[in-house]
Amino acid sequence: MIIAELAQAHDGSLGTAHAYIDALAETGVDAVKFQTHIALAESSVYEPFRVKFSKQDATRFDYWKRMEFSLYQWKELKAHCDEKGLEFISSPFSNLAVDWLEEIDVKRYKIGSGEVSNWLMLEKIAKTGKPIILSSGMSSWEEIDSTVNFIKGYGNELSILQCTTAYPTRPEQWGLNVIVELKNRYQIPVGFSDHSGDIFACLAAATLGAELFEFHVVFDKRQFGPDTPASITIDQTREMVKGIRQIQTSLTHPIYKDRIESFQELKKIFEKSLAINRPLKKGEILTSACLEAKKPKGYGIPAKDFELVLGKKLSRDLNQWDFLNWDDLEQG
Ligand SMILES: C=C(OP(=O)(O)O)C(=O)O
């Protein structure tokens, strides 16, 4: 499942949010993801800024307020995704947001890294019985274990994402090793929530068997917004989706090196036969300095057997570039 995360890339503009849906529908992603922020329900004027990026928003609370859409607007965004054949996903940050997302009938829930310990909200989500994707950005194994067990207690379908909460993440922060550890530890589908700002981390995660991919998208890397440095563009999205799908096709079609029957005809073209690289007279002794290997296979002694002819005498004269066969050699 490939999820394009818009988060606040719309900067509070409903029109821009709709424009993203249209643009992402052309990229091959499975889902478009939003964040449903309701400032009064999830935050307070005491919340500090992660990055003070805007003079317009005096507080982080003011910023969240500016990022809000109404329930009606969320319904329209969901309808637009439905129309484009994209799943609408939105992570809630309050119980009220869960109520809204239930009202617009979302198919599944994504839990952002900051909500892993918000069991009040997790219980409400778990009780919907819907599938849950849990992120793990700032959590220890102990914290993830307890939240996974908490959700498992309700029986929801659960998948988990490796995520490092940094914007953007440097390669040494991607934590690709965790993908394999999560798989072994929980035996549930594992994915990668990417903040690298480029296409490589998700592609690498795909090779390690990640099954879900979430990454931030912006129209332009010069765009205003706290997540912009951690985001990729629409064109990069298209390219990355192609790469992820190809890697997954490859991983589901293993090649067995002991089953090479289909290459027999090609081997005849590519493999080589021994030849000599200068005119030689009957009786001359062969050394590797007078040998060459030429295409195709089957016109002389296989190149692989060159050691068997070293030190042997020629039974007749040969011209430069003639293939070398067993009857060109004196017996014994
Ligand atoms: C913050 C979120 O996710 P993550 O922690 O995976 O970046 C989110 O989904 O809203």
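Both ligands and their constituent atoms are indexed starting at 1 by order of listing. Computed from heavy atoms alone, side chains included, the values below leave out hydrogens, waters and symmetry copies. If you're wondering where the values come from, they're calculated on a predicted model, not measured in any experiment. This chain uses plain numbering: 1 for the first residue, then up along the sequence.
- Shown here are the side chain to side chain contact (heavy atoms under 4.5 Å, CB included) partners of K312, two or more places apart in sequence or in another chain: L329.
- Remark: R316 pairs with D328 by the salt bridge (charged side-chain N to carboxylate O under 4.0 Å, His left out) rule, at least two apart or across chains.
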Yes or no on side-chain hydrogen bond (donor to acceptor under 3.5 Å, both in side chains) for T147 and W119, after CA distance, side-chain angles and deciding distance? CA-CA 8 Å; T147 296; W119 287 16; 3.1 Å; yes
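- Around ligand 1, the residues contributing at least one heavy atom under 4.0 Å from the ligand are E5, K33, Q35, S91, F93, K110, G112, S113, S135, C163, S193, H195, E214.
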In sequence, state the C-alpha distance, the side-chain angles, and the governing distance for K267 and E271, and then conclude on salt bridge (Lys or Arg N to Asp or Glu O under 4.0 Å). CA-CA 5 Å; K267 278 168 86 74; E271 291 191 356; 2.9 Å; yes
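- Across all their heavy atoms, L101 and S90 have their closest contact at CD1-O, 3.2 Å.
- Taking Ile, Leu, Val, Met, Phe, Trp and Tyr as hydrophobic and joining them when side-chain heavy atoms fall under 4.5 Å apart, one finds I3 in a cluster with M1, I89, I133, L161, L212.
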